[in-house]
Number of protein chains: 2
Amino acid sequence: MENPREKTPARWEGMPSWLLGQTAGHAHRLVGEGFSAVGARGYHYRLLATLEDSGPASQATLGRCSGIHLSDMVATVNDLADGGLVERAPDPADRRRNIVSLTPAGRRQLRRLDRRLAECQDELLAPLSPEERQQFTDLLSKLLVHHNRGTDAPEERWS
Amino acid sequence: MENPREKTPARWEGMPSWLLGQTAGHAHRLVGEGFSAVGARGYHYRLLATLEDSGPASQATLGRCSGIHLSDMVATVNDLADGGLVERAPDPADRRRNIVSLTPAGRRQLRRLDRRLAECQDELLAPLSPEERQQFTDLLSKLLVHHNRGTDAPEERWS
DNA sequence: TGACTAACGTTTGCTCCACGAACGTTAGCA
DNA sequence: TGCTAACGTTCGTGGAGCAAACGTTAGTCA
């Protein structure tokens with residue numbers, strides 16, 4: 001993700017935002033490699049996991065639960081349906097909707113991906129002690145909660 | 001960067017790789033907004049900063065110093081040259097090279113971007129105490145050093 | 001009943017960042 | 001004199017995230 005550097009350490013390399021981006025890049029690469037070794041990608045995992053957690057649902061609902069944009073949801077469901085990991089059936093009660101559900105093969109794939117993902121977390125945090133790992137996730141959570149104020153699900157006033 | 005979530009907290013939301021990616025997304029957004037408010041982007045800042053730190057240089061050298069791919073360097077120099085922030089002059093000693101150098105306007109723009117960037121760091125780390133900020137960057141650095149082994153600049157055996 | 005509104009699924013396209021392949025030009029070396 | 005390698009440039013790829021538009025379908029209200 002990065003080219004060979006000549007000697008001078010660039011001035012931005014100490015910035016938290018840069019460290020964060022670089023480290024996230026490594027994490028993304030690790031997870032991506034782990035997933036693609038089983039023929040999947042991030043969206044696939046998120047959709048499969050959401051399906052197992054929430055049960056069959058329409059694409060729009062799945063998008064809201066998984067944070068996958070509707071535009072991307074279409075392709076994701078297509079991919080998984082092509083592989084027989086997921087089924088797309090018209091909702092008899094509402095012909096606008098497609099009900100997407102997990103197949104046994106999809107559930108097995110999800111098991112594999114869960115395992116891979118756990119391995120990747122370990123590889124990602126390899127240089128940290130258990131205490132440091134806890135600190136790290138705590139700090140990240142704190143930041144994330146802060147920056148998700150008002151952006152995540154601002155509407156609790158529905159009617 | 002994220003859609004409204006329905007109630008169920010997804011199973012991947014506690015994973016360090018996810019927290020990292022989300023937080024990095026926020027950081028990226030913050031910095032991107034800060035930069036674009038002054039009509040710049042990440043590559044622009046990196047090139048300007050590299051020019052101030054290393055002095056005028058060929059595009060290839062700048063690419064190596066800043067981690068910007070040569071392909072993207074072309075467009076970046078074009079952008080900045082169009083705005084008069086940078087000058088591209090043929091190297092009289094080597095007609096393959098373009099010597100890129102910073103103009104006074106470019107230096108002023110760099111000042112602005114430096115200021116913006118510092119503000120963004122502060123906004124990013126807002127919920128953390130000074131000690132926590134130090135912990136955070138230390139942990140990130142540790143992870144980054146670890147994952148950059150062998151990828152960053154493996155060649156010290158140049159002749 | 002009819003009309004309006006809103007949700008759904010889909011397609012298309014855009015942004016940013018990061019790479020790879022190819023090609024013409026130019027230096028440097030044997 | 002050639003060969004090799006570096007340089008700059010163009011074109012194209014990819015993932016992740018998002019926005020706009022459009023046809024279809026449901027629900028609601030006059």
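All values below come from the heavy atoms of this structure, side chains included, with hydrogens, waters and symmetry mates left out. Lettering follows sequence order; numbering is per chain, from 1.
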Given atom CG of B:Asn78 and atom P of D:dC11, what is their separation to the nearest angstrom? 12 Å

Reading nucleotides 22-30 of chain C from 5' to 3' and marking B where a protein heavy atom lies under 4.0 Å of the base, S where only the sugar-phosphate is that close, and - otherwise, the string is ----BS---

Of A:Arg97 and A:Asp72, the one whose nearest nucleotide on DNA chain C sits closer to the 5' end is A:Arg97

Select one nucleotide: of D:dT9, D:dG17, C:dG9, the one nearest the side-chain heavy atoms of A:Tyr43. D:dG17

Closer than 4.0 Å, any side-chain N/O of A:His28 to the OP1 or OP2 of D:dA16? yes

From the set C:dG9, D:dG8, D:dA19, return the single nucleotide nearest to any side-chain atom of B:Gln59. D:dG8

Of B:Ser71 and A:Arg41, the one whose closest DNA chain D nucleotide lies more 5': B:Ser71

Looking only at side-chain N and O atoms, does A:Arg29 come under 4.0 Å of OP1 or OP2 in C:dC17? no

For B:Arg107 and B:Leu102, indicate whether the former's side chain and the latter's backbone hold a donor-acceptor pair under 3.5 Å. no

Taking for each residue the nucleotide of DNA chain D bearing the nearest heavy atom, is the 5' side occupied by B:Arg88 or by A:Gly42? B:Arg88

Think A:Asn98 has a side-chain N or O under 4.0 angstrom from the OP1 or OP2 of C:dT10? yes

Specify whether B:Phe136 and A:Phe136 have parallel, tilted or perpendicular ring planes, treating 30° as the upper limit for parallel and 60° as the lower limit for perpendicular. parallel

